[in-house]
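Here is the structure we will look at, set down as structure tokens.
Residue numbers start at 1 and run along the sequence shown.
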Amino acid sequence: MVIYSVAFLLGTTGNGLVIWFSVFRMKKTVNVVWFLNLAIADFIFTFFLPLSITYIALDFHWPFGKFMCKLNSTLAFLNLFASVFLLTIISIDRCISAILPVWCQNHRTPRLASIVVLCVWILAFIFSLPYFIFRDIYDDNGRVFCYNNFADDPDVSISRHVDTVIMRFIIGFAIPFSIIISCYTVIALRIQRNHMTTSTKPFKIIVALIVSFFVCWFPYHVFSFLDVSASYGADIHDVIQVGIPLTSSLAFINSCVNPFLYVFIGREFKGKFRSSIQSIFERAFTEDTVQADLQSKTKSTSDSQIL
């Protein structure tokens with residue numbers, strides 16, 4: 001309850017500020033589109049955390065009905081998929097900017113970024129649907145539980161549970177992080193080969209977001225697989241009973257740390273106290289100079305060939 005409450009207070013406040021300044025106070029750039037939608041995903045999830053807090057406070061009695069039971073669980077995984085898909089798109093965007101600077105100069109626009117983001121939300125919604133479909137309530141003598149009802153048949157239930165965990169890990173973790181690592185490997189090689197300099201602020205922020213997501217969500221996936229093993233008879237009930245709530249809490253914390261990463265990595269610490277919050281976010285979301293460096297390199301090469 002304490003962790004969920006902290007995540008709610010910090011998440012709604014921090015992400016709310018990011019959304020406010022991104023929409024009303026900042027110039028709409030590609031980076032702002034990316035970070036705005038990350039903040040929206042986190043804000044929506046943390047905004048509904050009081051439902052989970054109430055559920056725990058009432059000793060796991062769900063008073064909000066079946067629809068809210070389904071919605072609350074769906075929003076958690078909508079946040080998971082939307083966040084990791086956006087981090088993947090950001091990595092691909094940086095990689096393309098490093099490899100094809102001229103194309104980016106002509107086609108990398110906020111409008112295109114908004115279209116990509118719309119596709120991300122649609123995909124995240126599709127992959128979150130199973131949690132809306134299978135979530136259900138059970139009334140046990142007046143005490144209502146909100147749980148995953150995969151099927152009445154135990155074998156079918158276990159099979160669907162396994163499929164859901166595997167799909168969530170592959171689509172929501174393994175594939176995206178493989179793409180992210182590949183993109184940053186290409187960027188690093190490109191920078192090293194061309195001896196380019198790059199603005200460290202947006203680079204550090206994006207890396208911090210990715211590391212934060214990995215640290216917060218990977219333990220949850222590990223214990224999800226352990227939970228599946230317990231369904232097949234593995235004697236790890238005590239480990240699951242302790243680990244699942246802790247790793248779930250860690251995953252929820254991820255939704256409130258991003259705004260603080262923007263602030264504390266977006267510029268030097270002592271400078272933060274001398275500028276407005278708006279200035280902090282503007283500096284955090286400043287477009288990277290990798291593309292500009294590459295364009296400069298390309299132009300220099302063309303000029304030397306002409307001369």
Using a 3.5 Å distance criterion without hydrogens, assess whether the side chain of [X] forms a donor-acceptor pair with backbone atoms of [Y].
| X | Y | value |
| --- | --- | --- |
| D153 | D155 | yes |
| N15 | S255 | yes |
| N72 | M68 | no |
| N106 | V102 | yes |

Intermediate values then yes/no, salt bridge (charged side-chain N to carboxylate O under 4.0 Å, His left out), D59 and R143: CA-CA 9 Å; D59 194 23; R143 186 180 181 185; 3.5 Å; yes

Counting neighbours of CZ on F225 that are heavy atoms of other residues, nucleotides or ligands and sit closer than 6.0 Å, is the number greater than 12?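 Above 12, so yes.
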
Counting only heavy atoms not in F173, do more than 12 fall under 6.0 Å of its CZ?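 More than 12 within 6.0 Å, yes.
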
State whether the SG distance for the cysteine pair C146/C69 is less than 2.5 Å.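 Correct, these two cysteines form a disulfide.
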
Report the residues that fulfil ring pair (Phe, Tyr, Trp, His ring centres under 6.0 Å) with W62, sequence neighbours left out, ordered by chain and then residue number.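 Partners of W62 under the ring pair (Phe, Tyr, Trp, His ring centres under 6.0 Å) test: Y55, F64.
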
Quick one: ring pair (Phe, Tyr, Trp, His ring centres under 6.0 Å) partners of F145, sequence neighbours excluded?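 F145: no ring pair (Phe, Tyr, Trp, His ring centres under 6.0 Å) contacts found.
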
Can you say whether the rings of F77 and Y220 are parallel (under 30°), tilted (30 to 60°) or perpendicular (over 60°)?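 Ring orientation of F77 relative to Y220: tilted.
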
All pairs passing disulfide bond (SG atoms under 2.5 Å apart) where residues 25-63 contributes a residue, at least two apart: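 The answer is none; no pair qualifies.
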
Are a donor atom and an acceptor atom from the side chains of R135 and N149 found within less than 3.5 Å of each other?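 Judged by distance alone, the side chains do not pair up.
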
